[in-house]
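To start, the structure under review is shown below, and the notes come after it.
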Amino acid sequence: MSQVEENTSLNFIEQIVEEDLANGKNDGVVYTRFPPEPNGFLHLGHAKSICLNFGLAQKYGGKTNLRFDDTNPVTEDTSYVDAIKEDVRWLGFEWEGETRYASDYFDKLYSLAVELIKRGKAFVDDTPVDEIRRMRGIPTQAGEESAFRDRSVEENLQLFEQMKAGDFSEGSRVLRAKIDMASPNMHLRDPIMYRILHRSHHRTGDAWHIYPTYDWAHGQSDAIENITHSICTLEFEVHRPLYDWFVEQIGEFDQEMVNPQPRQIEFARLNVNYTVMSKRKLLELVNEDYVNGWDDPRMPTIQGLRRRGYTPASLRNFAERVGVAKRDNVIDLSLLEFCIREDLNKTAPRVMGVLNPVKLVITNYPERQTEDLTIENNPEDAEGGTRTVPFSRELYIERDDFMEDPPKKFFRLGPGREVRLKGAYIIQCESFEKDTRGEITTIYATYDPATKSGEDTSGKKVKGTIHWVSVPHAVKAEVRLYNRLFSDPTPTDHTDENGEPIDYKKFINDKSLVVLDKVFVEPSMRKVSAFDRFQFMRKGYFCVDPDSSEENLVFNQTVTLRDSWAKAKKNN
RNA sequence: UGUCCGGUGGUGUAAUGGUAACACAGAGGUUUUUGGUGCCUUUAUUCAGGGUUCGAGUCCUUGCCGGACAACCA
């Protein structure tokens with residue numbers, strides 16, 4: 001371990017934590033939580049939150065809970081619970097103790113609500129939904145108080161118990177906190193604590209007919225779990241006064257419960273260009289078949305990224321690099337790509353795969369001869385070892401690596417030109433054949449036996465080295481190339497001439513998936529497992545898709561290599 | 001016309017009253033049996049006005065711009 005220089009710059013949350021530590025707050029304990037609702041799959045935005053919460057606790061010797069915020073039985077399901085747990089673990093984090101659920105606290109929450117009623121801080125409201133909404137007013141104008149606001153404690157208690165027992169129909173009554181209908185903060189205008197829902201919950205079954213709302217459940221769950229720093233995204237900023245109000249009310253009769261006192265801290269959610277990052281929109285893409293499921297490699301979901309070939313380390317690194325602040329941000333997709341290239345460059349074995357093959361015949365190489373060449377697996381990894389790659393008279397090379405009439409700066413094959421075949425010999429192009437459509441069918445070349453890789457005595461120098469696969473040894477594979485899901489950097493940010501928002505789906509990139517079904521890879525690839533990652537030399541990083549089998553290999557392109565030649569061509 | 005939160009290169013993030021820095025992206029070079037990697041160089045920044053101060057990206061103030069808030073969602 002090298003003594004890396006101390007990183008003294010802290011993000012604003014770390015500053016808060018260090019300040020708390022310096023002041024001896026919470027007895028020096030840092031306790032965070034990651035609180036997803038089990039109603040969908042985790043995405044890159046959640047990854048940032050996970051890294052933030054777990055990372056903060058790790059840094060300051062604290063703990064992190066995984067808590068499912070399962071207060072709405074209508075949308076939630078256990079299948080999501082399992083997927084989320086798997087994703088968190090895959091990212092490399094282990095939570096403290098058992099998995100927690102807001103539903104674990106339904107009894108406690110209920111008795112706390114009863115206490116609030118007794119103290120005149122909550123009341124049962126019979127006002128219909130629409131009416132409640134209307135009476136809440138608008139941000140610039142105070143609301144009106146409910147006609148049921150001053151019910152007696154006894155009546156409230158009785159009604160609330162009946163709500164719990166399932167005596168009333170859905171929507172007929174709610175429990176509301178009694179705060180201030182004139183508050184400029186809408187969330188303080190007698191917010192709803194419980195609603196009636198005759199729905200089966202994925203964990204509590206039919207035990208409950210009332211379910212707590214987010215505002216009532218979240219802060220209390222934090223308090224129950226002794227969370228010290230409750231980190232969430234910016235849209236909850238306006239909820240904080242309510243969060244604090246509930247904690248304060250409970251402190252009136254249960255000091256123990258709100259000690260340590262949880263503190264909500266908000267940060268700006270992650271946005272990445274050329275994609276969307278909301279559960280609702282991602283769900284739409286899945287349901288309307290724009291992609292093939294939640295784990296489609298084009299999706300910014302953890303499962304999609306994983307199937308695409310992203311590593312946990314690359315995602316953690318990405319989360320680190322995007323930083324944490326309170327201002328709206330749109331991260332360049334190129335940063336994500338940088339993070340995965342950085343990781344895979346060090347770790348992914350190199351292999352040769354020809355994506356768009358054309359046949360090359362070495363005319364002076366003996367007809368039935370085969371040579372086993374030894375090629376290093378990874379020049380970036382001294383421990384990477386070597387492998388054997390068979391060489392023969394007929395090879396596949398990349399169609400792009402030959403030009404009939406190449407410009408001077410083209411360092412590959414063309415009539416009379418020389419290149420090195422990676423790990424093998426230097427060849428010179430003699431001739432080529434075309435079919436009636438003008439497509440090149442075969443390239444003929446001669447090799448120089450004195451130029452064998454590692455024992456070259458020729459003194460020859462060439463500008464280019466190209467990859468290849470021996471025709472008789474080639475293994476056929478399918479390769480799926482992916483491009484950005486949207487052709488526009490901010491698909492959700494557009495409006496038409498009338499100022500109406502334009503559907504983000506209008507910007508879907510119809511070339512986001514290109515399937516290559518005639519790819520040839522070297523024979524060492526015959527035995528691979530799902531999610532194995534490789535660098536196809538000069539072509540990019542690839543990951544074995546779970547669809548892959550021994551008979552039908554399938555690779556997903558994670559990301560291309562940086563390609564300064566492609567760039568130079570484009571700029572011409 | 002309300003309340004709250006923001007505004008630093010193309011994109012992010014730092015600088016905590018004292019030299020505006022780091023990363024990505026871009027440009028150029030170098031090394032290279034991957035046009036990859038590595039290494040070197042380079043372009044480019046404090047929303048605007050006023051104030052406080054020896055000194056302001058930072059504090060105060062006004063304005064402008066952006067975002068959040070009006071589910072019995074989270």
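Every heavy atom of this structure was used, including side-chain atoms; hydrogens, water molecules and symmetry mates were not. Quantities reported herein were computed from a predicted structural model and do not represent experimental measurements.
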- May I ask you to check whether A:Phe41 and A:Tyr80 place their ring centres under 6.0 Å from each other? yes
- Message: Regarding A:Thr560, tell me which of base, sugar-phosphate or nothing describes its non-hydrogen contacts under 4.0 Å with the strands shown.
- Response: nothing
- Mind checking A:Val174 for me? I need base, sugar-phosphate or nothing, with any heavy atom below 4.0 Å counting as a touch. base
- Query: Which ones in residues 266-276 of chain A lie close to RNA chain B, meaning a heavy atom under 4.0 Å from one of its atoms?
  - Reply: none
- Message: When the C1' atoms of B:G12 and B:U45 are compared, how many Å lie between them, rounded to an integer?
- Response: 13 Å
- Note on the structure: Rounded to whole Å, the CD-C1' distance (A:Glu237 to B:A70) equals 17 Å
- Is any NZ, NE, NH1 or NH2 atom of the basic residue among A:Lys346 and A:Asp381 found under 4.0 Å from an Asp or Glu carboxylate oxygen of the other? no
- Message: A:Asp87: which residues meet the salt bridge (charged side-chain N to carboxylate O under 4.0 Å, His left out) condition with it, sequence neighbours left out?
- Response: none
- Distance under 6.0 Å and angle within 45° of ring axis: A:Arg173 vs A:Phe168: yes
- Query: What nucleic acid atoms does A:His239 come within less than 4.0 Å of, heavy atoms only: base, sugar-phosphate, or nothing?
  - Reply: base
- Note on the structure: Of the listed B:A23, B:A74, B:A14, the closest approach to the A:Tyr214 side chain comes from B:A74
- Should the ring pair A:Phe520 and A:Tyr396 be called parallel, tilted or perpendicular, given that the plane angle runs from 0 to 90° and is split at 30 and 60? parallel
- For A:Asn156, enumerate each residue passing the side chain to side chain donor-acceptor pair (under 3.5 Å) test, keeping only those at least two apart in sequence or located in another chain. none
Review item, nucleotides 1-3 of chain B N/O atoms under 3.5 Å of protein N/O:
unit_1 : atom_1 : unit_2   : atom_2 : d
B:G2   : N3     : A:Pro139 : O      : 3.4

- Task: Return the set of residues passing side chain to side chain donor-acceptor pair (under 3.5 Å) with A:Asp328 (not counting sequence neighbours), or none when no residue passes.
- Result: none
- Task: Calculate the interatomic distance between A:Asn329 atom CG and B:C24 atom P; express it in whole Å.
- Result: 18 Å
- Task: Classify every nucleotide of nucleotides 29-42 of chain B by which part a protein heavy atom approaches to under 4.0 Å, writing B for the base, S for the sugar-phosphate alone and - for neither, in 5'-to-3' order.
- Result: ----BBBBB-----
- Message: My understanding is that only residues two or more places apart in sequence, or in another chain, count here; which of them pass salt bridge (charged side-chain N to carboxylate O under 4.0 Å, His left out) with A:Glu131?
- Response: A:Arg134
- Task: Would you mind classifying the nucleic acid contact of A:Thr71 as base, sugar-phosphate or nothing, using non-hydrogen atoms under 4.0 angstrom?
- Result: sugar-phosphate
- Item | Stretch residues 162-172 of chain A: residues that reach within less than 4.0 Å of RNA chain B through a heavy atom | A:Gly171
- Message: Quick check on the 6.0 Å ring-centre criterion: do A:Phe555 and A:Phe542 meet it?
- Response: no
- Which part of the nucleic acid, if any, lies within reach of A:Val324 when heavy atoms closer than 4.0 Å are counted: base, sugar-phosphate only, or nothing? sugar-phosphate
- Message: For A:Phe391, is there any backbone N or O sitting under 3.5 Å from a side-chain donor or acceptor partner on A:Glu371?
- Response: no
- Determine the Euclidean distance between corresponding C1' atoms of B:U31 and B:U41; express it in Å to zero decimal places. 15 Å
- Over how many whole Å does the gap from A:Met193 atom CE to B:A74 atom P extend? 13 Å
- Task: Taking atom C1' in both B:A21 and B:C64, compute the distance separating them and give it to the nearest angstrom.
- Result: 28 Å
- Query: Taking NZ, NE, NH1 and NH2 as the nitrogens, is one of them in A:Arg387 or A:Glu376 under 4.0 Å from a carboxylate oxygen of the other?
  - Reply: no
- Rounding to the closest angstrom, what is the interatomic distance between B:G67 and B:A25 at atom C1'? 26 Å
- Message: Could you check whether A:Lys164 makes a cation-pi contact with A:Tyr110, meaning its NZ or CZ is under 6.0 Å from the centre of the six-membered ring and within 45° of the ring axis?
- Response: yes
- Does the separation of the ring centres of A:Phe236 and A:His218 fall below 6.0 angstrom? no
- Message: Quick check on RNA chain B: between A:Asp215 and A:Asp328, whose nearest nucleotide comes earlier from the 5' end?
- Response: A:Asp328
- Note on the structure: A:Leu10 atom CG is separated from B:U13 atom P, nearest whole Å, by 16 Å
- Message: Taking B:A44 as the reference, what is the distance to B:C22 when you measure between their P atoms (whole Å, please)?
- Response: 15 Å
- Message: Output the rounded distance in Å from OH (A:Tyr243) to C1' (B:C4).
- Response: 18 Å
- Query: Given pairs defined as Watson-Crick or G-U wobble with both distances under 3.5 Å, what dot-bracket annotation applies to RNA chain B, with ( ) intrastrand, [ ] crossing, | other strand and . unpaired?
  - Reply: .((((((..((((....[..)))).(((((.......)))))....(((((..]....))))))))))).....
- Nearest-nucleotide wise, let me know which of A:Ile132 and A:Asp332 is further upstream toward the 5' end of RNA chain B. A:Asp332
- Item | Torsion-based syn/anti label for B:A25, 90° from 0 as limit | anti
- Using a cut-off of 4.0 Å on non-hydrogen atoms, how would the nucleic acid contact of A:Thr75 be classed: base, sugar-phosphate, or nothing? nothing
- Near-ring test A:Phe318/A:Tyr310, centroid separation under 6.0 angstrom: no
- Message: Rounded to whole Å, please give me the gap between CD in A:Gln264 and P in B:C5.
- Response: 14 Å
- Can you tell me the distance, in whole Å, between the CG atom of A:Leu197 and the C1' atom of B:C72? 8 Å
- Can you name the residues that form a side chain to side chain donor-acceptor pair (under 3.5 Å) with A:Thr213, not counting sequence neighbours? none
- Message: Once you apply a heavy-atom cut-off of 4.0 Å, does A:Ile138 come out as touching a base, just sugar-phosphate, or nothing?
- Response: base
- Tell me what A:Tyr211 touches on the nucleic acid: a base, only sugar-phosphate, or nothing, going by heavy atoms under 4.0 Å. nothing
- Message: Tell me whether A:Glu398 is salt-bridged to A:Arg412, with the criterion being a basic N under 4.0 Å from an acidic carboxylate O.
- Response: no
- Task: In whole angstrom, give me the gap between the C1' atoms of B:U43 and B:G50.
- Result: 34 Å
- Partners of A:Arg149 by side chain to side chain donor-acceptor pair (under 3.5 Å), sequence neighbours excluded? A:Glu145, A:Asp190
- Does a nitrogen or oxygen in the side chain of A:Lys326 sit under 4.0 Å from OP1 or OP2 of B:G7? no
- Nearest-angstrom distance, P atom, B:C5 to B:U42: 42 Å
- Grab the NE2-P distance between A:His187 and B:A74 for me, whole Å please. 12 Å
- Message: So, OP1 or OP2 of B:C73: does either fall under 4.0 Å of a side-chain N or O from A:Arg195?
- Response: yes
- Message: Restricting to ring-ring contact (aromatic ring centres under 6.0 Å, His included), what partner residues turn up for A:His187, sequence neighbours left out?
- Response: A:His239
- Message: Distance check, P atoms only: B:G6 and B:A14, in whole angstrom units.
- Response: 13 Å
- Among B:A71, B:A68, B:G12, which nucleotide sits nearest the side chain of A:Val330? B:G12
- Query: Are A:Arg316 and A:Glu320 close enough for a salt bridge, meaning some N to O gap below 4.0 Å?
  - Reply: no
